[in-house]
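The next block holds one structure in the form of structure tokens; read it before the comments.
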Amino acid sequence: MRRIKRTGVAGGDASRLGRRRFMAGVGAGGLATAAVVFGRPGAAQAGALLYPYNCCSLCFAPSITVAACKGYSGHYLWYCDNGPSRLHCQCCETKSGGCPSGVKSAASCQYG
């Protein structure tokens with residue numbers, strides 16, 4: 001491996017080495033960092049039963065449309081698919097933070 005000379009000049013070889021080390025660490029430590037930044041789910045969330053709807057894991061069976069779900073303040077929207085050129089879904093819950101009572105679920109899926 002080639003040694004990089006540390007010059008101390010901004011934008012020099014030292015900054016390239018720092019970027020390489022940072023990018024290498026992101027892959028390995030990304031999951032741990034996300035857990036620190038966003039926190040871990042509580043016991044109630046971890047034990048919650050989910051309703052499987054294609055690739056969406058919803059709190060409950062879909063009872064409203066995705067458009068109606070997007071109208072709720074504090075809604076949580078995500079996308080999933082079953083691989084390229086397969087089923088693509090848009091999933092929505094009216095509240096974020098686990099599966100509290102009163103949450104409404106929505107999902108819309110299409111092939112393509």
Side-chain angles (χ1 to χ4, degrees):
M1 180 174 164
R2 188 183 93 175
R3 281 218 181 262
I4 296 176
K5 181 180 174 185
R6 293 183 180 251
T7 62
V9 177
D13 290 336
S15 66
R16 268 191 295 201
L17 178 62
R19 273 193 304 267
R20 287 181 187 158
R21 286 186 180 158
F22 172 77
M23 294 306 288
V26 167
L31 185 59
T33 302
V36 169
V37 171
F38 298 111
R40 294 179 179 218
Q45 294 172 347
L49 297 175
L50 299 177
Y51 182 86
Y53 185 88
N54 293 320
C55 59
C56 297
S57 290
L58 303 171
C59 288
F60 303 103
S63 59
I64 59 173
T65 65
V66 173
C69 184
K70 288 180 183 180
Y72 280 80
S73 175
H75 70 275
Y76 181 64
L77 181 69
W78 72 99
Y79 301 88
C80 62
D81 60 50
N82 292 337
S85 300
R86 294 217 176 139
L87 191 65
H88 302 280
C89 297
Q90 187 176 26
C91 319
C92 186
E93 306 275 20
T94 57
K95 296 179 184 177
S96 60
C99 290
S101 62
V103 70
K104 294 179 183 175
S105 302
S108 173
C109 301
Q110 63 185 0
Y111 287 95

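Along the sequence shown, the residues carry numbers beginning at 1.
- Closest heavy-atom contact between Asp81 and Gly83: OD1-N, 3.1 Å.
- For the pair Lys95 and Pro100, the tightest heavy-atom approach, listed with the atom from each and the gap, is CD-CG, 4.3 Å.
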Take Cys55 and Cys80 through the disulfide bond (SG atoms under 2.5 Å apart) test and state the conclusion after the steps.
CA-CA 6 Å; Cys55 59; Cys80 62; 2.1 Å; yes
Show me the side-chain donor-acceptor pairs of residues 67-78 shorter than 3.5 Å, one per line, residues at least two apart or across chains.
residue : atom : partner : partner atom : Å
Tyr72   : OH   : Lys104  : NZ           : 3.2
His75   : ND1  : Lys70   : O            : 3.4
His75   : ND1  : Tyr72   : O            : 2.9

Begin from the C-alpha positions of Cys99 and Leu50 and carry the test side chain to side chain contact (heavy atoms under 4.5 Å, CB included) through to its verdict.
CA-CA 8 Å; Cys99 290; Leu50 299 177; 3.7 Å; yes
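- The line from OH of Tyr79 to SG of Cys91 is 9.5 Å long, rounded to the nearest 0.5 Å.
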Show me the donor-acceptor pairs, under 3.5 Å and distance only, between side chains in residues 105-112 and residues at least two apart or in other chains.
residue : atom : partner : partner atom : Å
Ser105  : OG   : Phe60   : N            : 3.2
Ser105  : OG   : Phe60   : O            : 3.2
Ser105  : OG   : Glu93   : OE1          : 2.5

